[in-house]
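All remarks here apply to the structure that follows.
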Amino acid sequence: MKALLDPENVSSDESLWDAQDVARYLKVSRSWVYHQAEAGLLPHLRVGSLLRFDPDTIRAYTKGSTVRSKVVPFPPRSQ
């Protein structure tokens with residue numbers, strides 16, 4: 001899932017999490033986080049080759065929320 005953060009909804013008091021932050025929060029391995037994100041099961045933002053995660057979206061994910069996250073799909077660039 002390639003995604004882009006909607007700048008209008010970004011909380012200025014909290015930054016994006018990396019895979020290690022998500023793993024620590026969910027009490028799972030970092031590789032589990034990467035596998036779930038790559039499978040499209042964990043909402044994420046791709047910054048180049050890096051994965052970043054919106055903390056509020058991850059918290060909602062743990063509660064089973066299906067509410068649309070602040071992370072929105074980003075269409076691939078045409079070449």
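For P55 against S15, the heavy-atom pair with the smallest separation is CG-O, 3.4 Å. Scanning both residues, W32 and L26, for their nearest heavy atoms gives CZ3-CD1, 3.8 Å. Across L41 and Y61, no two heavy atoms sit closer than the pair O-CE1, 3.2 Å. Summarising the geometry of P43 relative to I58, their closest heavy-atom pair is O-CD1, 4.0 Å, with the distance given to 0.1 Å. Between A19 and R30, the shortest heavy-atom contact is CB-CG, 3.8 Å.
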Working for side chain to side chain contact (heavy atoms under 4.5 Å, CB included), residues F53 and L42: CA-CA 9 Å; F53 303 85; L42 191 61; 3.9 Å; yes
D18/L50 under side chain to side chain contact (heavy atoms under 4.5 Å, CB included): CA gap, chis, key distance, verdict: CA-CA 8 Å; D18 62 16; L50 304 174; over 6 Å; no
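Within the 4.5 Å cutoff, no side-chain heavy atoms of W17 are placed close to those of R24. A heavy-atom distance below 4.5 Å is not found between the side chains of L45 and D54. Counting heavy atoms from C-beta on, the side chains of L51 and E38 come closer than 4.5 Å.
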